[in-house]
Amino acid sequence: MLGVSNINSYQVTDILRLAHFGDLPHNDTYIIRAHTSGYISTPSNASEDSHVHLFCLDVKGYEILTAYPLQLLTHSTTNEVMTVGVLGHLDKMSGAAAVPSSSIQLSGNELLLEISLKAFGQLGIYVFGPNTGLKVEQFKMCDIPLAGNWVSFEEEKNLVMLDMDGAWKGMKHASKVSEITVSMIISCG
């Protein structure tokens, strides 16, 4: 995670590489997300030093940039690769810190996700693959099945978003918990 700010009296444009994030494993694939603008980069790895990201900051502007590791999942019969990453809370500056653990698996045409979170917010999941037409088949929070109307898709950013606050308020038997578990099955294609 990087925090950058512009203390100049003019707009600043700079180039960012994954290498700026420090000790990232060179063979792993990442995306960079900017908190204030919502920008999401294309996937790359730290060994691709030529892969750069241009960003601009207005006068007194700031940005929180986070490099998210991605999992590359290969379909067992088609050998097509799907790229998936849990981004944490999109509406919080340090939203990635809310995710102590996650499990992502591809079973046939279904993406199985199990995510543990320490707070409520708008959960973001990056999903990119050859199949379009993502559809949430099943969604549970704290093992309680919920309707899919709390989930939305932003196709141009390859982003699945879950309104955890709204879902929690809609649960009839919601009680205080120290960790929230979200389970999803997403049909791919």
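What you see is a predicted model, and the numbers here were worked out from it, not measured in a lab.
Taking the side chain as every heavy atom from C-beta outward, Tyr62 and Met93 approach each other to under 4.5 Å. By the 4.5 Å heavy-atom criterion applied to side chains, Ile31 and Leu87 are counted as neighbours. Side-chain contact between Ser41 and Tyr30 is absent, with no heavy-atom pair separated by less than 4.5 Å. The closest side-chain heavy-atom distance from Thr29 to Ser44 is not below 4.5 Å. Within the 4.5 Å cutoff, side-chain heavy atoms of Val84 are placed close to those of Ile125. Here the side chains of Asn6 and Lys60 are not in contact, with every heavy-atom distance at 4.5 Å or above. With a 4.5 Å cut-off on side-chain heavy atoms, Ile40 and Tyr126 count as touching. The closest side-chain heavy-atom distance from Leu90 to Arg33 is below 4.5 Å.
Atom CG of Leu146 and atom CH2 of Trp168 lie 9.5 Å apart (nearest 0.5 Å). The distance from the CD atom of Glu110 to the CD atom of Gln138 is 9.0 Å, given to the nearest 0.5 Å. A distance of 9.5 Å separates CZ of Phe21 from OH of Tyr68, quoted to the nearest 0.5 Å. Phe139 CZ to Asn149 CG: the interatomic distance, rounded to the nearest 0.5 Å, is 9.0 Å.
No side-chain donor-acceptor contact under 3.5 Å links Lys140 to the backbone of Thr181. The closest donor-acceptor contact from the side chain of His89 to the backbone of Ala96 lies at 3.5 Å or more, if one exists at all.
Under the 4.5 Å side-chain contact rule for hydrophobic residues, Leu111 and Leu70 do not share a cluster. Met82 and Ile185 are members of different hydrophobic clusters when ILVMFWY side chains are connected at heavy-atom separations under 4.5 Å. In the hydrophobic clustering of this structure, Ile180 groups with Leu123; members are Ile, Leu, Val, Met, Phe, Trp, Tyr whose side-chain heavy atoms approach within less than 4.5 Å, directly or through other members. A continuous path of Ile, Leu, Val, Met, Phe, Trp and Tyr side chains, each step under 4.5 Å between heavy atoms, connects Ile144 with Leu117, placing both in one hydrophobic cluster.
Taking each heavy atom of Lys92 and Gly121 in turn, the nearest pair found is NZ-CA, 4.0 Å. Residues Lys157 and Tyr39 share a closest heavy-atom pair of NZ-N, 4.4 Å.
Annotation: Ile7, atom CD1; neighbour count of heavy atoms from other residues, nucleotides and ligands within 6.0 Å does not exceed 12.
For Glu63 and Thr36, the side-chain atoms include at least one donor-acceptor pair closer than 3.5 Å.
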**Prompt:** Are Ile32 and Thr66 close enough, and set up right, to give a side-chain contact (heavy atoms from CB on, under 4.5 Å), and what steps lead you there?
**Reply:** CA-CA 6 Å; Ile32 296 172; Thr66 307; over 6 Å; no
**Request:** Check the pair Val99 / Ile115 against side-chain contact (heavy atoms from CB on, under 4.5 Å), numbers first and verdict last.
**Result:** CA-CA 7 Å; Val99 183; Ile115 305 164; 4.0 Å; yes
**Request:** Go through the steps for Met184 and Val151 under the test side-chain contact (heavy atoms from CB on, under 4.5 Å), then give the verdict.
**Result:** CA-CA 10 Å; Met184 293 176 96; Val151 180; 3.9 Å; yes
**Request:** Report the C-alpha distance between Ile64 and Met1 in whole Å, list the side-chain angles of each, state the deciding distance to 0.1 Å, and finish with yes or no for side-chain contact (heavy atoms from CB on, under 4.5 Å).
**Result:** CA-CA 7 Å; Ile64 307 295; Met1 189 177 292; 4.0 Å; yes
Name every donor-acceptor pair, under 3.5 Å, that has one atom in a side chain of residues 158-166 and the other anywhere in the protein, sequence neighbours excluded.
residue : atom : partner : partner atom : Å
Asp163  : OD1  : Asp165  : N            : 3.3
Asp163  : OD1  : Gly166  : N            : 2.9

Exercise answer: donor-acceptor pairs, residues 100-108 side-chain atoms, under 3.5 Å, sequence neighbours excluded:
residue : atom : partner : partner atom : Å
Ser101  : OG   : Ser116  : OG           : 3.4

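Considering Val4, Leu54, Leu2 as possible partners of Leu16, the one that fulfils the side chain to side chain contact (heavy atoms under 4.5 Å, CB included) test is Leu2.
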